[in-house]
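Structure first, then comments.
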There are 4 protein chains.
Amino acid sequence: MSINIGVIGAGRIGKLHAEVLALRTPEANVSAIADINVAAARETAAKLGIPKATDDYREIIADPNIHAVAICSSTDTHSQIIIEAAQAGKHIFCEKPIDLNLAKIDAALSAVEQAGVKLQIGFNRRFDPNFRQMKQVIETGGIGDPNIIRITSRDPGPPPIEYIKVSGGIFKDMAIHDFDMIRFLMASPVVDVFARGSVLVDPAIGAAGDIDTAVTTLRFESGALGIIENSRRAVYGYDQRVEVFGSGGAISVENNTPYRATLSDASGIHAPKPLHFFIERYMDAYIEEMRQFIDAVVNDKPVPVTGADGRAPLVMAEAAWKSVREGRLVRLDEIE
Amino acid sequence: MSINIGVIGAGRIGKLHAEVLALRTPEANVSAIADINVAAARETAAKLGIPKATDDYREIIADPNIHAVAICSSTDTHSQIIIEAAQAGKHIFCEKPIDLNLAKIDAALSAVEQAGVKLQIGFNRRFDPNFRQMKQVIETGGIGDPNIIRITSRDPGPPPIEYIKVSGGIFKDMAIHDFDMIRFLMASPVVDVFARGSVLVDPAIGAAGDIDTAVTTLRFESGALGIIENSRRAVYGYDQRVEVFGSGGAISVENNTPYRATLSDASGIHAPKPLHFFIERYMDAYIEEMRQFIDAVVNDKPVPVTGADGRAPLVMAEAAWKSVREGRLVRLDEIE
Amino acid sequence: MSINIGVIGAGRIGKLHAEVLALRTPEANVSAIADINVAAARETAAKLGIPKATDDYREIIADPNIHAVAICSSTDTHSQIIIEAAQAGKHIFCEKPIDLNLAKIDAALSAVEQAGVKLQIGFNRRFDPNFRQMKQVIETGGIGDPNIIRITSRDPGPPPIEYIKVSGGIFKDMAIHDFDMIRFLMASPVVDVFARGSVLVDPAIGAAGDIDTAVTTLRFESGALGIIENSRRAVYGYDQRVEVFGSGGAISVENNTPYRATLSDASGIHAPKPLHFFIERYMDAYIEEMRQFIDAVVNDKPVPVTGADGRAPLVMAEAAWKSVREGRLVRLDEIE
Amino acid sequence: MSINIGVIGAGRIGKLHAEVLALRTPEANVSAIADINVAAARETAAKLGIPKATDDYREIIADPNIHAVAICSSTDTHSQIIIEAAQAGKHIFCEKPIDLNLAKIDAALSAVEQAGVKLQIGFNRRFDPNFRQMKQVIETGGIGDPNIIRITSRDPGPPPIEYIKVSGGIFKDMAIHDFDMIRFLMASPVVDVFARGSVLVDPAIGAAGDIDTAVTTLRFESGALGIIENSRRAVYGYDQRVEVFGSGGAISVENNTPYRATLSDASGIHAPKPLHFFIERYMDAYIEEMRQFIDAVVNDKPVPVTGADGRAPLVMAEAAWKSVREGRLVRLDEIE
């Protein structure tokens, strides 16, 4: 059995998911793609042999032959499309974040619950082979009880200022993945957050009301401690490392590189930089998350990343922002 | 424009190429698959949506709608199929080695030349991102003049003895890839070979008239020296490393691993073993070699690995075998 | 010219400094060694050929032929001995910390200033070849402007509870080195501290009023951010790493190991654990700090680690402790 | 108890041994140092507080208060001094090689045997912590039965041509250490040698009748195979690596570096070059070999590197040279 799926959004991530669905997930057919920029939708449709391209996502939601949608449009449209798709009985894959506003998230999750459809959130990093191995080692006791988790998460460069302005800020836009990774790897819930931020990459980011460099610490119910380092720019590339230290050892994930060739010359020993950015670094993860979504729909299994998993990091992001603004420790229950 | 291709052979490597052609090379359609074990052909056809499965490769060669064939059958059938396919005007992708016998290779290459079709040999390692980077660094002078090239090539375990018996021996079956890699990376031709062999993995391999451990040295016309280390069994997995040392530096390629997670515990620091075997290690290379073959056919470009490239390593393998048997240095011009 | 030096304290670190002075610093003669446990003093004296062993450090201070003292006694005796030695005109090398109490530190520094003698504090890590290289790269602009500094500092195991009780707590006893390292590597002064602590290693440490796991964050005047991770127990050994991330790159120091032999076997790839503890890890640094102290005395140069350098990390440690107790950000100027 | 030792030769290696004996081996007193360049002897004597400097080594041999000598003069003087020292009843530490001529070696070893004195040869690499760990892993079965040993041995740059001319050639001068390492690590004796050489570093080396690049292969009685790669110049520094591959795994020793600081910047990830040359790379080994020699003399234990250990690599070097000249496999029993 296979399912028909409609892709909503034909930007960078929409194109990526469309290609994964068209070429790499044999049980899914991409029946249609929508984008308010219909030319973009048409281009992707033509390239991948998708039969329908439209500027109106409601044509996809209204199509009785379509079983599921992949929502890849801009964040501010997510919650509304989720509600409409759920009410039409479609299963839903939605890119992160669900929304920047918790009330809107709750409305969307409520619609999903009432409709009884599946909703999977696009926290792709959970499907990265490195982090899956890390989780398995932790779960099977390979490092004993986790004591300290540390995430280093740096982008190769900042997005355009226009994007920054509507992004919800570094915590909701960028650290959101790290908050999710913390929840993915650690069995114990986060109690509180203390975050610090600076503008060290580009003053324009500060002028837009955001920060570009952040250090966030967290406490878990177990007493374990967490650290997240974020920067909008690492000149050597996309820096995505995690280390978990426990009573029985430590496990650490290093960056992936495009090849493993080391050059030794008169100036030193030189290794390649990390894979450039999220598309390159997490391609395997994008494929795997979609395979698992399709598998969940086709075989009626639980999705691996739920709506609640999509909501929780937003709470942490709000707590982090509040902590930066107020210069104090913020408990998560102040937000929720 | 796209082309129709027939796959001949539905064993492990045939299935792999069929899947790459069906799912990963948009400009190719797999029209048919043949195997003397027709059940195997049918299974792959069903899985990949290939319209025709047969036990007779001649049906593929006779099909006027098929433009090219991928020969993945047993080595002893390669030269005959090449000749027939060439005479039928098909472009040909053929797995290595072309044949174990130089005269048969020459007959096949002659048929290809007369027919004016394209022939690409499946030396997949040339398309590995690591070795491509290595070649690029060497060609652009990153290590100056190459002085010593060293290849470490060890399989995780030996094939069945029945396979060993018809394999042509360690040099034609296994080191053939390393002889090709030497030619790929070094601009200067090989002049002579001195090889040593031992039976250290399994006495049954010796009883079958083969060796399982070999050290081969070579001299290039430039005066540079080469080393190949082979073993049929490395308990830690598929060991595929190359180092080229030159007047201006050295470049070395390490093994790829399934993830980059390091575990530190009371017994030490532990990293993952190499990717298990050739399918895992060279999957990207298999895709890339087929993309380039399809591109060569569709756009009438030269193939990246020619029939002559397929012949030369056989000459080196014969020289190595002769060197082991006679305990002496063997010049390549003794063989050719 | 060479100088005569007296060593006060013949415990582990006293013995180490006595040996370095006796065998590795040709311009210094060890004239005497004192310890309230006179047997310990005698044993070291006999082993190293030191002419005098005593249970009374005042004999050393009163000796007009002795030019300098190395204070390696218990922390609670440091400030008093500094004052007496300074008043006697001796140059002083003093182990860290100067004292656990800022008022006592100030009294000692004042005595040193009035006497015009040299005082060097034993922050040995500044002399480690790794961290010296790191500092040089930072100072010469190799990573641009520092944005984030992160120190991972974990002991192989906790000291005895009796020691914990008088240690002044994890920040004054253990993180003190990390606070100094932060000051050594970063040109910008620290403004404030937020620290978190947990008891995850041994409940007895909590019962003694201390913590065994800590995460401290700091802000620098430049806007850069700092992180220190501390644990009293890493089962894989002494974990001493620093990473500084800047606008132009990042530099990171890994652990030293006793050898660089990697074992590959059926269970994985295995590398050696870090050098066991501070004696092994920082032996080169202990030698170099003493050489520089002797050089400063013999050739009347400034010492590389001053009394003010000894005081500042105590202020940071007090701020960190206050932050943990009060669950809030603490500015350094609240302490000073 | 301690012994008096005389150092013969005050060149680079003589100074090094004199310093190790004076400062790092408490049970040895350096009573005298001799060099035909008496100024060099005097300079070292002054620096280290050695009471006597002379231009005549016979004054050392004649001194009844001297128990042992360290022979660090030019190679062509070794055998004669060994004979005289042995006849005078001195224990002997002699730098490698004993001599370039097997007959002279045999005469020297015979004198030592008749005198019943101890003779230790300066194969310092056996005392390197990396190679000692490697040997221990092999001996305790950590890699099963050794199948292939590979040594990469490259100098940062060639010695002066005048030195090359009297050096005995690359095998006796440079690879001699690698031949010894092979014997140190492998339990099975070498049966035969096939070596290849080229002149790729400097034509003047070829004009002097030597080669500067060599690849040597060996067979052990066990059937295991060996490889040695030599080059007189590696622009990235002193390259000293060994890998032993066996039925149960592999162990490999990487280069030591002056520090472990990795720089990541826009051009890549950069690690330090190896420690520059033998003095830096093997300082710990020089100290340890001398400690063991002194221990053997003081406590009448067997020396760790015997005269026979000094002779055997010369046989291998002669076989290698013969193999290069004659282009054929040479059995060691052709030489011995």
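Computed from a predicted model, the values in this text were never measured in an experiment. First the proteins, then the strands, lettered A, B, ... as listed; each starts at 1.
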query = To the nearest 0.5 Å, how far apart are CD1 in D/I149 and CD in B/E229?
reply = 11.0 Å
ask   = Below 4.5 Å, heavy atoms only, C-beta onward: do B/R219 and D/R196 meet side chain to side chain?
value = yes
Between D/S247 and B/R233: side-chain donor-acceptor atoms closer than 3.5 Å = no
message = How long is the straight-line distance from OG1 of B/T216 back to CD1 of D/I227, given to the nearest 0.5 Å?
response = 9.0 Å
request  = Rounded to the nearest 0.5 Å, what's the gap from OG on B/S198 to CG on D/N147? Could you check?
outcome  = 8.5 Å
Salt-bridge present (D/R150, B/E243; N to O < 4.0 Å) = no
key: Residue pair B/L225 / D/T213, side-chain heavy-atom distance below 4.5 Å   = yes
key: Aromatic ring pairing B/F194/D/F194, orientation class (parallel under 30°, perpendicular over 60°, tilted between)   = parallel
query = Looking at B/T217, B/D239, B/V201, which one has more heavy-atom pairs under 4.5 Å with chain D than the rest?
reply = B/T217
query = Between D/T152 and chain B, which part of the residue has a heavy atom less than 4.5 Å away: side chain, backbone, both or neither?
reply = side chain
task = Can you tell which part of D/D212 gets under 4.5 Å to a heavy atom of chain B, answering side chain, backbone, both or neither?
result = neither
key: Contact class of D/I211 relative to chain B, heavy atoms under 4.5 angstrom   = neither
D/R328 side chain reached by B/L329 side chain, heavy atoms, under 4.5 Å = no
request  = Please state whether the side chain, the backbone, both or neither of D/D145 comes within less than 4.5 Å of a heavy atom of chain B.
outcome  = neither
inquiry  = Heavy-atom cut-off 4.5 Å, strictly under: side chain, backbone, both or neither for D/A214 against chain B?
reply    = backbone
